[in-house]
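Shown next, in structure tokens, is the structure this report addresses.
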Amino acid sequence: MARTGENIYKRKDGRWEARYIVSYDGTGKAKYKYLYAHTYSEVKSKLIKAQNVTHFTVSEEKNKDKEKYEFWLNEWLRTKRMRVKNSTYIRYRNTIENHIKPELGKFPISKISTSLIEQFVVQKLERGRKDGNGGLSAKSMSDIMVIIKESFKYAQSFGVMVICSFERISLKKNTQETRVLSPLEEQRLLTVLFDDLDRYKLGVFICLYTGIRIGELCALQWKNISVSENTVKIEHTMQRLQKEDLSSVQKTHIIVTAPKSNAAIRTIPLPQFVIDTIKPFVGSPNTYILSGKCNAVVEPRTMQNHFKKYLIEGNIEKANFHALRHTFATRCIEAGFDVKTLSEILGHSSVKITLDKYVHSSMQLKRNNMEKLKPVIA
């Protein structure tokens with residue numbers, strides 16, 4: 001029987017057990033020591049003596065831990081664990097362990113100045129890559145700063161005073177031109193795909209004419225495609241993630257989960273020529289489209305490698321798999337799709353994302369639009 005509030009218990013062997021806090025780990029979790037005696041009075045006496053000896057040390061250690069920025073990073077990450085997808089949590093954790101803690105973790109959070117953060121940003125941009133080959137991209141640095149700002153705000157919500165002013169810290173983002181296949185490149189790719197069309201090539205073909213993401217393609221099963229209604233339903237995505245337990249022999253594993261947002265769960269109408277291409281490959285409902293099996297999957301990395309090979313075969317300039325999604329969006333705009341329709345097909349949560357990231361106006365489209373300015377002369 002336990003004595004409420006005292007952490008004293010009677011064990012099954014008849015002895016009494018007491019426990020007390022001796023320290024806290026890096027996440028603020030308590031570490032305990034245990035005492036044993038034959039009677040309740042004896043074990044309580046031992047507990048009082050032990051607590052008197054350790055009370056000052058424990059309080060001092062806990063307060064000292066809370067001063068360090070790494071404590072608040074751990075606490076912020078712990079709260080995020082319950083609110084974000086596993087993939088996002090792992091990305092946050094890796095960013096914190098690889099980039100933020102080594103440089104800033106040991107500093108008292110109340111002593112981290114704007115100047116120190118500015119130096120940190122410069123160092124990361126110049127030589128922040130883990131492999132030692134140069135600096136991080138502006139996008140990566142921006143992601144790091146999001147975590148730093150949120151963790152500081154989290155600490156402030158507990159009354160921690162901070163002196164860093166993030167308004168002074170700005171990052172210039174390098175705008176990289178998004179790769180979109182030209183009509184000629186698209187035709188070359190189709191020639192490669194239809195030369196001995198197989199399941200891998202079919203997957204690339206589906207992405208080219210639906211704009212679905214590579215993870216969504218890899219998670220597709222035949223039950224998601226209706227050849228009678230000419231639709232494909234996107235309700236899962238696949239990805240290879242690092243395991244949370246870093247001591248595991250297998251460092252990563254494949255998971256199939258719900259898509260990144262509710263908007264990404266969608267039904268896309270398929271044109272008849274896509275259905276006609278798909279029909280010869282149709283299998284039983286629970287088999288995966290790319291593998292043709294129920295218990296085996298083709299992962300995104302494999303599809304990326306096949307896509308690279310197809311580009312080489314077609315003498316097409318280098319592009320990543322995601323270029324298929326941008327190419328689809330661009331062709332849709334060229335064909336006169338309204339942006340709202342395109343946004344829903346792509347599974348975006350807002351039209352703004354579609355406009356900002358996926359609508360790329362080709363020179364031909366610009367030329368056609370400019371020709372519309374020609375005046376009508378009576």
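The basis for the numbers below is simple: all heavy atoms, side chains too, and nothing from hydrogens, waters or symmetry mates.
- Hydrophobic clustering, with ILVMFWY side chains joined whenever heavy atoms are under 4.5 angstrom apart, groups Val282 together with Leu290.
- In terms of heavy atoms, Arg266 sits closest to Ile268 at NE-CD1, 3.8 Å.
- Remark: side-chain polar atoms of Arg179 are not paired, donor with acceptor, to backbone N or O of His322 under 3.5 angstrom.
- Ile265 and Leu220 fall into different hydrophobic clusters, where Ile, Leu, Val, Met, Phe, Trp and Tyr side chains are chained together by heavy-atom contacts under 4.5 Å.
- No donor-acceptor pair under 3.5 Å is formed between the side chain of Glu67 and the backbone N or O of Pro108.
- Cation-pi check for Arg19 over Tyr34 is not met; the charged atom does not lie both under 6.0 angstrom from the ring centroid and within 45 degrees of its normal.
- Side-chain contact between Glu75 and Leu73 is absent, with no heavy-atom pair separated by less than 4.5 Å.
- Checked by atom type, the side-chain pair Thr327/Thr330 shows no donor-acceptor distance below 3.5 Å.
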For the pair Gln239 and Ser87, evaluate side chain to side chain contact (heavy atoms under 4.5 Å, CB included) and give the outcome as yes or no after the intermediate values. CA-CA 9 Å; Gln239 57 191 149; Ser87 56; 3.6 Å; yes
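- The closest side-chain heavy-atom distance from Phe281 to Trp222 is below 4.5 Å.
- Considering OH of Tyr92 and CD1 of Ile147, their distance stands at 6.5 Å, rounded to 0.5 Å.
- Residues Phe166 and Thr114 fail the side-chain proximity criterion, which asks for heavy atoms closer than 4.5 Å.
- For the residue pair Ile109 and Ala155, the shortest heavy atom distance occurs at CD1-CB, 3.6 Å.
- Put simply, CG on Leu189 and CZ on Phe194 are 10.0 Å apart, with the number rounded to the nearest 0.5 Å.
- Rounding to the nearest 0.5 Å gives a distance of 9.5 Å between CG of Leu202 and SG of Cys207.
- Checking Thr354 against His348 by side-chain atom types alone, a donor-acceptor pair falls below 3.5 Å.
- With sequence neighbours left out, Glu150 forms a side chain to side chain donor-acceptor pair (under 3.5 Å) with Trp76, Lys80.
- Taking the side chain to side chain donor-acceptor pair (under 3.5 Å) definition, one finds that Lys106 meets it with Glu70, sequence neighbours left out.
- Glu17 pairs by the salt bridge (Lys or Arg N to Asp or Glu O under 4.0 Å) definition with Arg11, not counting sequence neighbours.
- Minimum heavy-atom separation, Lys85 to Pro259: NZ-O, 3.3 Å.
- Not counting sequence neighbours, the partners of Ile112 by the side-chain contact (heavy atoms from CB on, under 4.5 Å) test are Tyr69, Phe107, Leu116, Ile117, Phe152.
- A donor atom on one side chain and an acceptor atom on the other are not found under 3.5 Å apart for Asn320 and Gln304.
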Side chain to side chain contact (heavy atoms under 4.5 Å, CB included) between Lys44 and Ile8: does it pass, once the steps are laid out? CA-CA 8 Å; Lys44 185 172 183 179; Ile8 298 177; 4.0 Å; yes
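- When side chains are defined from C-beta on, Arg240 does not count as touching Pro300, because their heavy atoms never get closer than 4.5 Å.
- Legend: residues meeting side chain to side chain donor-acceptor pair (under 3.5 Å) with Arg91, ordered by chain and number and at least two apart, are absent.
- The side-chain heavy atoms of Thr252 and Leu241, taken from C-beta on, include no pair separated by under 4.5 Å.
- The salt bridge (Lys or Arg N to Asp or Glu O under 4.0 Å) test applied to Arg213 returns Glu216, not counting sequence neighbours.
- Minimum interatomic distance between Thr237 and Gly215 (heavy atoms only, all atoms of both residues): OG1-C, 3.3 Å.
- Other residues, nucleotides and ligands contribute more than 12 heavy atoms inside 6.0 Å of the CZ atom of Arg15.
- Between Trp16 and Tyr40, the ring planes lie perpendicular to each other; the angle is over 60°, past the 30° to 60° tilted range.
- Judged purely by atom type and a 3.5 angstrom limit, Asn98 uses its side chain to pair as donor or acceptor with the backbone of Asn94.
- Between Arg325 and Leu346, the shortest heavy-atom distance links the atoms NH2-O, 2.8 Å.
- Legend: residues meeting side chain to side chain donor-acceptor pair (under 3.5 Å) with Glu118, ordered by chain and number and at least two apart, are Arg168.
- Other residues, nucleotides and ligands place more than 12 heavy atoms under 6.0 Å from the CG atom of Asp338.
- Side-chain N or O atoms of Thr231 include none that pairs as donor or acceptor with a backbone N or O of Thr267 at under 3.5 Å.
- The NE2 atom of His99 lies 5.5 Å from the NZ atom of Lys124; values are rounded to the nearest 0.5 Å.
- Note that CD of Gln272 and CD1 of Ile275 are 6.5 Å apart. Values are rounded to the nearest 0.5 Å.
- Residues satisfying the salt bridge (Lys or Arg N to Asp or Glu O under 4.0 Å) criterion with Arg188, sequence neighbours excluded, are absent altogether.
- At a threshold of 4.5 Å between side-chain heavy atoms, the hydrophobic network of Ile, Leu, Val, Met, Phe, Trp and Tyr places Leu197 and Val227 in one connected group.
- Looking at heavy atoms from C-beta onward, Glu185 lies out of side-chain contact with Leu311 at the 4.5 angstrom threshold.
- Proximity of a side-chain donor or acceptor of Thr210 to a complementary backbone N or O of Ile206 within less than 3.5 Å is detected.
- Annotation: side-chain contact (heavy atoms from CB on, under 4.5 Å) contacts of Val192 (sequence neighbours excluded): Tyr310, Glu313.
- Take Glu97 and apply the salt bridge (Lys or Arg N to Asp or Glu O under 4.0 Å) test, not counting sequence neighbours, and it matches Lys101.
- Every residue meeting the side-chain contact (heavy atoms from CB on, under 4.5 Å) condition with Cys332, not counting sequence neighbours, appears here in chain and number order: Phe328, Phe337, Leu342.
- Side-chain contact check for Leu77 versus Arg93: some heavy-atom pair is nearer than 4.5 Å.
- By the side-chain contact (heavy atoms from CB on, under 4.5 Å) test, Pro271 is found to be paired with Phe273, Val274, residues two or more places apart in sequence or in another chain being considered.
- A distance-only check finds no donor-acceptor pair linking the side chain of Arg127 to the backbone of Gly135 [under 3.5 Å].
- Looking at Tyr288 and Lys293, their side chains never come closer than 4.5 Å, going by heavy atoms from C-beta outward.
- Taking both residues in full, the closest heavy atoms of Asn224 and Ala219 are given as OD1-O, 4.2 Å, listed atom of the first, atom of the second, then distance.
- By the 4.0 Å N-to-carboxylate-O rule, Glu186 lies close enough to Arg331 to be salt-bridged with it.
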Pair Phe120, Ile148 - check side chain to side chain contact (heavy atoms under 4.5 Å, CB included), show working. CA-CA 11 Å; Phe120 168 76; Ile148 291 175; 3.6 Å; yes
Decide ring-ring contact (aromatic ring centres under 6.0 Å, His included) for Trp72 and Phe158; before the verdict, give the C-alpha distance in whole Å, the side-chain angles of both, and the deciding distance to 0.1 Å. CA-CA 10 Å; Trp72 294 105; Phe158 285 87; 5.6 Å; yes
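- Rounding to the nearest 0.5 angstrom, the gap separating the CG atom in Asn305 from the CZ atom in Arg301 is 8.0 Å.
- Defined by atom type and a distance below 3.5 Å, a donor-acceptor pair is present between the side-chain atoms of Ser115 and Gln119.
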